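Read through the structure below, which is laid out as structure tokens, and then see the notes.
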Amino acid sequence: MTEEKTEASAFRTELRELTPVEVEVSVAIPWDVVSKQLDQSFRELAKTARVKGFRPGKVPVNVVRRVYGPQVKADVTGRLIERGLIEAVSTHEIAIVSQPNVDEKDLVKGKDFEFVAKIEVQPKLESVTTEGLTVKHVAETIEEGRIQDSLERLRFQHSDLREPEPMRGAEDRDLAIIDYAVRVDGELNAELGAEGREVDLGDDGLLEAFKTGLIGMKPGDSKAIEVTFPDDGREDVAGKPAVFEVELKELKERLLPDLDDDFAADVGEFETLDELKADIRERLEKEVATRDESKLREKLIDGLVAINDIPVPPSMVKEQSQQMLYELYQFAQMMGQQLQPGMLEGLEGRAERRVKAGIVLGALARIEKIELEADAVEKKLASIAEETGKHIAKVRVEYAGERLQQLENQLLEEKIVAFLKSRATIDETPEEESNDDGAAKDESE
């Protein structure tokens with residue numbers, strides 16, 4: 001056993017639970033350990049200390065003590081607190097989640113050094129119940145209209161543009177090329193204006209008042225169109241009234257291809273329109289299955305947290321809130337938007353839920369011994385390689401370090417959710433059917 005470990009074993013530590021997520025530890029360090037640390041520190045400092053009247057390295061220890069006493073005492077105090085906390089955390093197996101709040105005392109010659117620290121901890125879960133776990137989840141179905149909508153989008157993407165003959169006013173789905181200036185609150189905003197801007201009149205994201213104003217215009221026409229900017233748009237104009245002074249320069253109509261076998265061959269390797277429809281259905285089914293799985297997972301986790309409600313350390317919620325805020329900021333930047341107040345609504349509540357879920361799921365995995373098989377990660381990497389067409393060695397390189405850890409966490413969560421499915425009652429009764437049953441019951445009575 002090293003000298004440092006021997007000294008640490010002489011530390012006296014006591015633990016007192018204040019709340020399920022906060023403990024108080026008291027640490028006492030014998031004076032002989034403190035004295036030894038002080039003497040050693042002064043001797044080391046004497047080798048390099050610079051004091052007027054003495055050559056470097058030749059300063060007597062008693063002079064070093066007088067000149068550098070406060071500094072050395074502060075350094076030794078910091079090291080002793082650190083070692084004392086490590087010893088307390090190890091001895092009492094504390095699941096520490098934040099920086100301890102230390103109430104320390106001064107070093108007094110001949111007396112044991114004592115300090116008290118309050119520490120936030122994860123709540124200890126000896127059991128996690130799945131009794132009564134019930135969720136309502138109705139699988140999404142694919143209506144024929146969704147396939148038709150997908151076909152219409154394909155027609156739109158493969159359409160041709162030409163000037164109407166004879167020329168007419170702008171209609172829905174036309175492409176208008178315009179110059180415009182914008183006045184906000186009566187003041188010209190040069191930054192918002194544009195020349196030669198292409199405007200798709202079939203774009204659902206177009207401001208309705210602006211689209212309505214463009215409908216019917218012909219090349220050469222000018223018009224003032226009054227709009228009100230949405231509240232969740234650019235911060236500098238959000239919710240403000242504006243006037244677009246528009247001149248229509250060009251107008252083009254869309255010629256949509258016929259929905260037939262030739263169209264199917266043009267958009268992909270399909271011999272018939274039916275083959276194209278079957279492919280669209282298959283892709284929609286995969287999307288729906290993925291979305292359904294995600295929704296059911298969230299419902300199962302929410303249900304588990306609800307029947308295993310636990311207190312959580314405030315510091316963990318704060319850290320999670322900051323992480324989620326950063327994610328929102330990154331998403332807004334990627335979308336070319338600014339963070340809006342509505343995006344932050346309920347952020348702390350969502351953060352608390354995520355923290356609770358992490359603690360409860362972790363405890364469930366430990367208690368139920370839910371673990372990954374030895375080859376689970378390798379199988380997943382092989383699957384990713386097959387799906388992406390990449391060599392398995394390249395995939396292994398891409399999934400290294402933190403990304404590999406994320407993949408392992410994802411696979412473990414999938415196993416936990418599968419376990420929850422096996423224990424939960426999942427009500428898959430459609431709402432309409434439930435309502436019909438209720439109505440029928442009322443009539444019979």
Side-chain angles (χ1 to χ4, degrees), residues 1-45 61 64-128 308-323 348 351-352 354-360 362-363 366:
M1 183 179 292
T2 65
E3 183 178 350
E4 185 171 302
K5 288 184 178 179
T6 303
E7 288 182 351
S9 63
F11 292 9
R12 300 189 303 277
T13 64
E14 293 182 5
L15 177 72
R16 184 164 71 96
E17 184 178 291
L18 302 177
T19 72
V21 295
E22 187 178 38
V23 298
E24 182 181 84
V25 294
S26 302
V27 181
I29 303 173
W31 170 250
D32 61 337
V33 174
V34 178
S35 178
K36 187 181 296 184
Q37 288 292 316
L38 287 169
D39 290 344
Q40 183 179 340
S41 295
F42 281 122
R43 286 196 301 271
E44 289 296 321
L45 182 58
V61 174
V64 173
R65 285 179 180 273
R66 187 174 66 251
V67 175
Y68 292 98
Q71 175 186 325
V72 171
K73 281 187 177 182
D75 291 343
V76 169
T77 298
R79 292 200 300 272
L80 290 174
I81 289 174
E82 182 178 357
R83 289 176 58 192
L85 287 172
I86 292 172
E87 182 67 18
V89 168
S90 175
T91 300
H92 301 285
E93 298 181 343
I94 302 172
I96 186 170
V97 299
S98 66
Q99 188 71 23
N101 183 14
V102 179
D103 180 16
E104 62 183 85
K105 297 179 181 178
D106 293 332
L107 293 178
V108 179
K109 185 175 180 179
K111 290 187 177 182
D112 294 350
F113 174 61
E114 299 177 346
F115 68 89
V116 175
K118 291 181 179 178
I119 305 174
E120 284 190 15
V121 297
Q122 279 199 23
K124 292 181 179 179
L125 297 183
E126 301 301 331
S127 65
V128 175
N308 293 276
D309 195 18
I310 58 170
V312 289
S315 62
M316 290 184 72
V317 176
K318 182 179 180 180
E319 183 179 349
Q320 185 63 60
S321 296
Q322 291 172 342
Q323 175 62 30
E348 187 172 344
E352 182 176 346
R354 190 178 289 187
V355 172
K356 286 184 178 181
I359 294 173
V360 173
R366 171 177 53 80

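Basis for what follows: all heavy atoms, side chains included, without hydrogens, waters or symmetry-related copies. If you're wondering where the values come from, they're calculated on a predicted model, not measured in any experiment.
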- Scanning both residues in full, the closest heavy-atom pair of Ile119 with Ile96 reads CG2-CG1, 3.4 Å
- Check: Ser90 side chain, Ile86 main-chain N or O, donor-acceptor pair, under 3.5 Å: no
- Task: Working to the nearest 0.5 Å, report the span between OG of Ser41 and CZ of Arg79.
- Result: 4.0 Å
- Message: Distance check, rounded to the nearest 0.5 Å: Leu15 atom CG versus Ile94 atom CD1?
- Response: 5.0 Å
- Looking only at atom types and distance, does a side-chain atom of Arg16 sit under 3.5 Å from a main-chain N or O of Ser26, one as donor and one as acceptor? no
- Is any side-chain heavy atom of Val102 closer than 4.5 Å to a side-chain heavy atom of Leu85? yes
- Out of curiosity, Glu44 CD to Asp75 CG, how far, rounded to the nearest 0.5 Å? 12.5 Å
- Heavy-atom pair of closest approach, residues Pro20 and Val121: O-CG2, 4.0 Å
- Message: Could you check whether any side-chain heavy atom of Phe113 comes within less than 4.5 Å of a side-chain heavy atom of Ile81, counting everything from C-beta outward?
- Response: yes
- Query: Take atom CD in Glu17; do more than 12 heavy atoms of anything else shown fall under 6.0 Å from it?
  - Reply: yes
- Message: For a 4.5 angstrom cut-off between non-hydrogen side-chain atoms, does Met316 reach Glu319?
- Response: no
- Check whether any side-chain heavy atom of Pro313 sits under 4.5 Å from a side-chain heavy atom of Pro123, and report yes or no. yes
- Message: Could you tell me if the side chain of Thr13 sits less than 4.5 Å from the side chain of Val25, heavy atoms only?
- Response: no
- Could you pull out all residues at least two apart from Asp309 that satisfy salt bridge (Lys or Arg N to Asp or Glu O under 4.0 Å)? Lys356
- Check whether more than 12 heavy atoms from other residues, nucleotides or ligands sit under 6.0 Å from atom CD of Glu82, and answer yes or no. no
- Query: In Å and rounded to the nearest 0.5 Å, what is the CD to NE2 distance from Glu87 to His92?
  - Reply: 8.5 Å
- CD/Gln99 to CD/Glu120 distance, rounded to the nearest 0.5 angstrom? 11.5 Å
- Any side-chain heavy-atom pair from Leu38 and Leu107 closer than 4.5 angstrom? yes
- Message: As an exercise, state the distance from NZ of Lys36 to CD of Gln40, rounded to the nearest 0.5 Å.
- Response: 9.0 Å
- Can you find a pair of side-chain heavy atoms, one from Leu18 and one from Glu22, that are under 4.5 Å apart? yes
- Message: Are the side chains of Leu80 and Gln37 in contact, using a 4.5 Å heavy-atom criterion?
- Response: yes
- If you look at every heavy atom in Val21 and Pro311, which pair is closest and at what distance? CG1-O, 3.6 Å
